[in-house]
> 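Input: one structure, supplied below.
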Amino acid sequence: MTDYKDTLNLPRTAFPMRANLAQREPKMLAAWQEQDLYGQIRRASEGRKPFVLLDGPPYANGKIHLGHAVNKVLKDIVVKSRTLAGFDAPYIPGWDCHGLPIELQVEKKHGKVGRKLDARAFRQACREYALKQVDSQREDFVRLGVLGDWSRPYLTLDPGFEANQVRGFARIIERGHLQRGYKPVHWCLDCGSALAEAEVEYRDKASVAIDVLFTAADPAALNAAVQAATGQDPGGAELPVGIPIWTTTAWTLPANQAVALGPELEYGLYEFAVEDQRQRLILAVELAADSLSRYDARNISQISVFKGEDIKGILLNHPFAERQVPVIAGDFVTLEAGTGAVHIAPGHGEDDFAAGVANELEIYNPVGADGVYLPGTPLFEGQHINKAADAILEVLTQQGCLLNREPYHHSYPHCWRHRTPLIFRATPQWFVNLDQQGLRQQALASIESVRWIPDWGRERIEGMVAGRPDWCISRQRTWGVPIPLFIHKVTGDIHPDSPALIEQIAERMDSEGIEAWFDLDPVDLLGEAAADYEAVKDTMDVWMDSGMVHFCVAQSRPEVAAPVDLYLEGSDQHRGWFQSSLLTSVAMFDRAPYREVLTHGFTVDEKGHKMSKSLGNTIEPQKIVNSLGADILRLWIAATDYRAEMSLSEEILKRVTDSYRRMRNTARFLLGNLHGFEPDSDLLQPDDMVDLDRWAVARASRLQAEILQAYGDYEFHRVYQLLHNFCVVDMGGFYLDVIKDRLYTTGADSQPRRSAQTAMYHVAEAMVRWLAPILSFTAEEIWQSLPGERGASVLLATDYPFPAAEKLSIDWEQIIGIRDAVAQVLEPLRAAGDIGSGLEAEVTVYAEGTSLAAMQSLGDELRFALITSAAAVLPLSERPESAVLAGEQWVVASASADAKCVRCWHRRPDIGAVASHPDICARCADNVAGAGESRQFA
RNA sequence: UGUCCAGUAGCUCAAUGGCAGAGCACCGGCCUGAUAAGCCGGUGAUGUCAGUUCGAUUCUGACCUGGAUGACCA
């Protein structure tokens with residue numbers, strides 16, 4: 001028997017089945033770097049329609065985690081898919097480099113500012129630390145296959161950035177949004193600084209709740225007020241009377257300036273006895289019973305009832321300070337807890353502050369930056385507020401004003417870095433005022449012009465902007481961009497020429513960065529007037545840094561000038577970067593800095609629980625990359641619907657790896673069978689192609705439309721599903737299976753084979769582009785194995801232009817349905833051991849209508865489509881008793897009685913028809929020694 | 001405690017006021033000319049409870065679970 005294997009065209013390719021991504025990817029990265037792929041793409045994209053994604057800067061501290069990977073890879077998929085779609089899509093990554101966390105790291109090593117290092121050296125240490133972090137994070141991002149201008153990222157510590165930031169700040173001042181305020185702000189004693197809203201988190205805290213008595217300064221006046229309200233003299237003028245307040249922050253009592261009652265709430269005057277001492281208290285009616293039981297009161301009687309408003313203005317004795325404080329009305333007073341009377345320290349609370357302003361109280365703050373009562377504070381001067389609690393309670397007890405104390409658990413604001421309780425402390429701070437120039441309203445209007453994806457993002461940010469307080473932008477820290485202002489020593493006003501002065505400062509900062517401000521001799525700028533002014537020592541909130549990226553980066557990199565097309569971050573950035581960027585942009589330019597804002601969810605484990613170190617359920621991206629490869633991680637990110645939580649587990653990674661292999665293998669099969677195909681000479685025109693091959697091209701072309709749509713809609717999980725199903729169902733399950741016979745057995749340069757190769761070539765060219773944004777490494781590997789002249793990288797190409805669709809002769813969807821039906825009928829034969837492969841069977845299909853027509857037009861080539869040795873088709877009316885119903889048609893199947901062709905494995909009656917080739921069928925003989933067969937349909 | 005989002009087979013995703021689809025996984029089989037592959041067949045699901053409706057996975061409400069975010073001030 002002649003060995004005919006040599007006469008077959010079996011697949012050949014150097015493209016390996018095993019990906020070995022962990023080893024292969026770094027080499028590919030080196031090659032990309034070597035050839036400056038990013039730069040090449042920029043040059044190739046010149047003049048195209050721009051699509052700009054502005055990178056939200058990660059904070060330069062710590063190793064990147066899964067969330068970072070998700071964010072950067074999503075951005076990368078967007079940028080690459082837009083590049084392939086023919087846009088000029090630059091990507092300039094950036095880092096957020098100033099701020100407290102870096103200071104804390106440096107403090108760990110060098111101690112606080114002024115101990116081992118002076119401020120200047122400390123800042124230098126911060127700078128060095130941040131740059132080191134940037135380097136390490138950059139390495140990890142690059143390893144993920146994220147393509148961008150990594151050699152020239154933007155850093156908020158770049159002198160140019162810092163200079164532009166103060167220029168932006170000047171613009172905000174010019175437009176009237178800056179305000180200097182003496183207001184209570186969240187203050188972290190460990191930071192020694194004010195905090196922004198975004199830096200506050202609420203945690204449970206165990207406090208001591210106390211009831212403190214404020215005695216009436218003039219009981220007769222109180223009685224008179226009650227009588228005026230109720231029409232009855234309450235009497236009992238000889239008894240002690242007062243109003244008890246309830247508080248969990250005893251340390252604020254030294255700053256007390258008033259007691260607030262709800263103006264519309266009902267209060268009662270109660271008389272009772274404690275240890276046989278009769279006395280009177282005013283309490284909210286609803287809270288009276290609870291409160292009086294706390295005080296062990298007996299023989300209680302309610303003397304009268306009135307509204308809080310009725311005793312407004314009555315004076316009370318401060319429990320220990322030498323002053324009297326008024327009763328005021330406060331709408332914010334509720335009946336949730338306490339006594340219905342709220343102690344007001346305008347220097348230590350927001351409501352308190354507002355009440356203080358409304359009632360012309362002193363905004364008194366006796367607490368220093370370090371939490372110690374300032375010199376001159378009666379009784380407690382020099383004590384730390386956390387330690388003074390006992391002393392305060394003791395004083396209250398001595399004064400007979402401590403009615404009750406008990407432990408109390410509540411949630412309380414904490415510093416999100418130190419996790420320590422915050423205090424409210426009135427200090428002079430700088431604010432971006434949301435209302436004095438209509439910033440809030442304009443911001444809300446700008447939100448309307450932005451497309452928010454998912455759309456609930458709009459409501460979220462609207463609610464936040466509508467409800468937020470003024471933005472406290474000053475920090476009393478070392479590592480940050482200075483607030484470059486001069487304050488008049490007498491009037492407290494900023495220098496009238498501030499914008500111009502800031503420009504002069506910015507010019508110095510262009511080269512020297514923030515040190516230019518700290519080194520500045522005010523005389524150089526202000527001349528003789530310098531003596532009248534004081535330089536501000538505060539730094540800016542780092543949210544100002546990142547919030548001004550849209551302005552600062554564009555000054556040196558005009559290709560990303562605002563407004564940009566897209567911001568893409570985690571959904572937590574509605575309160576963070578999206579908002580800070582919006583506010584600065586509206587403050588400077590009256591418009592949003594972005595057209596679209598896309599958010600993604602957070603990573604969770606397989607049970608849907610968030611990943612955290614304490615739960616021990618974190619998965620490190622570095623680990624995945626170094627074992628499975630970056631493409632596997634990228635595929636997971638693409639395959640997951642990022643609008644909700646994104647869950648990751650060992651099983652999920654396994655599934656992702658499996659589907660990766662399937663796609664890779666499909667590509668490998670295409671490449672293996674494109675062996676020897678030179679598109680320049682071998683590519684057939686659609687007219688010359690076998691009908692099935694034209695179907696494959698048409699199918700791929702239709703799919704491409706869907707895939708591009710999905711990319712355009714940022715629905716990458718749809719891209720993945722479409723791609724994977726195409727590989728499995730259309731290609732593996734049908735087309736590639738069917739054309740194997742033709743590829744292998746017909747002549748290498750024959751029309752039937754070239755036709756199939758032409759189709760596969762089109763499919764491969766398109767598919768490598770579909771894959772490229774997601775499986776960047778693998779796509780590049782495929783690209784390099786594809787035949788034909790091509791550029792250095794798939795990313796230098798644009799979406800594949802399919803040849804114009806030709807009308808098909810066969811309704812292939814019908815044929816696919818019949819194929820499934822035949823497979824069902826073949827299964828029992830196989831189970832019975834009558835046949836093994838489908839080529840051992842012959843079938844007759846009985847059908848009517850369109851499916852009959854489809855099969856009839858295939859004629860003799862039906863058997864190739866069904867992958868059986870013989871296939872006949874007859875009208876339904878002729879079906880015999882033995883026919884089996886499968887789907888809509890009836891099938892008769894049996895094992896073929898014919899001999900097997902050793903070459904093509906079909907069972908044919910014409911084996912040996914050509915005498916010189918006794919072991920092969922006539923078709924094979926023709927292909928081996930004759931003119932070669934021709935195919936029209938399959 | 002408020003608001004928002006999500007909950008569809010073991011996993012990843014679909015869909016619809018009218019029999020809930022796909023792929024993977026799993027089970028069974030085939031092939032050995034994609035072979036640490038490939039092909040065929042099969043099993044399997046709407047978080048819970050009510051309501052509206054002829055009919056609800058879809059609409060409404062409550063609850064549960066998870067996530068995000070805000071308020072919690074005295």
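None of the values given here were measured: they were computed from a predicted structure. A note on names: the letters A, B, ... follow the listed sequences, proteins ahead of strands, and every chain is numbered from 1. Hydrogens, waters and symmetry mates play no part in the numbers below; they use all other heavy atoms, side chains included.
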> Tell me, which pairs form a salt bridge (charged side-chain N to carboxylate O under 4.0 Å, His left out) where one or both residues lie in residues 822-833 of chain A, sequence neighbours left out?
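Output for this query lists A:E827-A:R830.
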> Does B:A37 have OP1 or OP2 under 4.0 Å away from a side-chain N or O of A:R661?
yes
> Scan A:S649 against the nucleic acid and name what it touches under 4.0 Å (heavy atoms): base, sugar-phosphate only, or nothing.
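It contacts nothing in the nucleic acid.
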> Give me the residues of residues 13-24 of chain A where at least one heavy atom lies under 4.0 Å from an atom of RNA chain B, by number, or none.
A:M17, A:R18
> How would you list, by chain and number, every residue that makes a salt bridge (charged side-chain N to carboxylate O under 4.0 Å, His left out) with A:R742, sequence neighbours excluded?
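With sequence neighbours excluded, A:R742 shows a salt bridge (charged side-chain N to carboxylate O under 4.0 Å, His left out) to A:D693, given in chain and number order.
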> Are A:R24 and A:E781 close enough for a salt bridge, meaning some N to O gap below 4.0 Å?
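Salt bridge flag = yes for A:E781 with A:R24.
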> When we call it a touch if two heavy atoms are under 4.0 Å apart, what does A:N665 touch: a base, just sugar-phosphate, or nothing?
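Base contact - A:N665 has a heavy atom under 4.0 Å of at least one base atom.
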> Flag the pair A:F864 / A:H906 as yes when their ring centroid distance falls below 6.0 Å, and as no otherwise.
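They qualify: ring centres under 6.0 Å apart.
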> Write out a two-atom table: protein N or O, nucleotide N or O from nucleotides 30-32 of chain B, distance below 3.5 Å.
residue: B:C30; atom: O2'; partner: A:G836; partner atom: O; Å: 3.1

> Quick one: label A:A831 by what it contacts on the DNA or RNA (base, sugar-phosphate, nothing), any heavy atom closer than 4.0 Å.
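No contact at all - A:A831 keeps every heavy atom at 4.0 Å or more from the nucleic acid.
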> Using a cut-off of 4.0 Å on non-hydrogen atoms, how would the nucleic acid contact of A:R12 be classed: base, sugar-phosphate, or nothing?
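Answer is nothing: A:R12 stays at 4.0 Å or more from every strand.
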> Taking atom C1' in both B:G17 and B:C72, compute the distance separating them and give it to the nearest angstrom.
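B:G17 and B:C72 have their C1' atoms separated by 42 Å.
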> Scan nucleotides 22-25 of chain B against the protein and return all N/O pairs shorter than 3.5 Å with their distances rounded to 0.1 Å.
residue: B:A22; atom: O2'; partner: A:N725; partner atom: ND2; Å: 2.4
residue: B:G23; atom: O4'; partner: A:N725; partner atom: OD1; Å: 3.1
residue: B:G23; atom: O2'; partner: A:H724; partner atom: ND1; Å: 2.8

> Mind checking whether A:Y267 and A:I243 have side chains closer than 4.5 Å, heavy atoms only?
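No, every pair of side-chain atoms sits at 4.5 Å or beyond.
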> Give the dot-bracket string for RNA chain B, reading 5' to 3', where a pair is Watson-Crick or G-U wobble with both distances under 3.5 Å, ( ) marks pairs inside the strand, [ ] marks pairs crossing earlier ones, | marks a partner on another strand, and . marks unpaired.
(((((((..((((....[..)))).(((((.......)))))....(((((..]....))))))))))))....
> Once you apply a heavy-atom cut-off of 4.0 Å, does A:N673 come out as touching a base, just sugar-phosphate, or nothing?
nothing
> Holding to salt bridge (charged side-chain N to carboxylate O under 4.0 Å, His left out), I want the full list of residues that pass it with A:K654, two or more places apart in sequence or in another chain.
A:D658
> What pairs of donor and acceptor atoms, side-chain ones from residues 11-23 of chain A against any protein atom, are under 3.5 angstrom apart with sequence neighbours left out?
residue: A:T13; atom: OG1; partner: A:F15; partner atom: N; Å: 2.9

> Residues two or more places apart in sequence or in another chain: which of them pass side-chain hydrogen bond (donor to acceptor under 3.5 Å, both in side chains) with A:R643?
A:D641
> With a 4.0 Å cut-off on heavy atoms, is A:G732 in touch with a base, just the backbone sugar-phosphate, or nothing at all?
base
> Hey, does A:T640 reach any base, or is it just sugar-phosphate, or nothing, if we go heavy atoms under 4.0 Å?
sugar-phosphate
> Base, sugar-phosphate alone, or nothing: which one does A:L8 contact when heavy atoms must sit under 4.0 Å apart?
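Counting heavy atoms under 4.0 Å across all strands, the contact made by A:L8 includes a base.
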> I'd like the P distance from B:A6 over to B:C13, given in whole Å.
14 Å
> Sequence neighbours excluded, which residues qualify as salt bridge (charged side-chain N to carboxylate O under 4.0 Å, His left out) partners of A:K740?
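Checked A:K740 against salt bridge (charged side-chain N to carboxylate O under 4.0 Å, His left out); matches are A:D737.
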> For A:Y720 and A:S659, which I'm curious about, is there any donor-acceptor pair between the side chains at under 3.5 Å?
yes
> Look at A:R718 and B:C13 and indicate whether a side-chain polar atom (N or O) is within less than 4.0 Å of OP1 or OP2.
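No, because none of the side-chain N or O atoms of A:R718 sits under 4.0 Å from OP1 or OP2 of B:C13.
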> Name the pairs: protein N/O against N/O of nucleotides 60-67 of chain B, kept only if under 3.5 Å.
residue: B:G66; atom: O3'; partner: A:G608; partner atom: O; Å: 3.4
residue: B:G66; atom: O2'; partner: A:G608; partner atom: O; Å: 2.2
residue: B:G66; atom: N2; partner: A:E645; partner atom: OE2; Å: 3.4

> Under the salt bridge (charged side-chain N to carboxylate O under 4.0 Å, His left out) test, which residues partner A:D741, sequence neighbours left out?
A:R923, A:R935
> Between A:S869 and A:R863, do the side chains contain a donor N or O and an acceptor N or O under 3.5 Å apart?
no
> Using the C1' atom as the reference point in each nucleotide, state the distance between B:A14 and B:A34 in Å, no decimals.
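Roughly 30 Å separates the two C1' atoms.
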> Base, sugar-phosphate alone, or nothing: which one does A:S647 contact when heavy atoms must sit under 4.0 Å apart?
sugar-phosphate
> Measuring to OP1 and OP2 of B:A14, would you say a side-chain N or O of A:H717 lies under 4.0 angstrom away?
yes
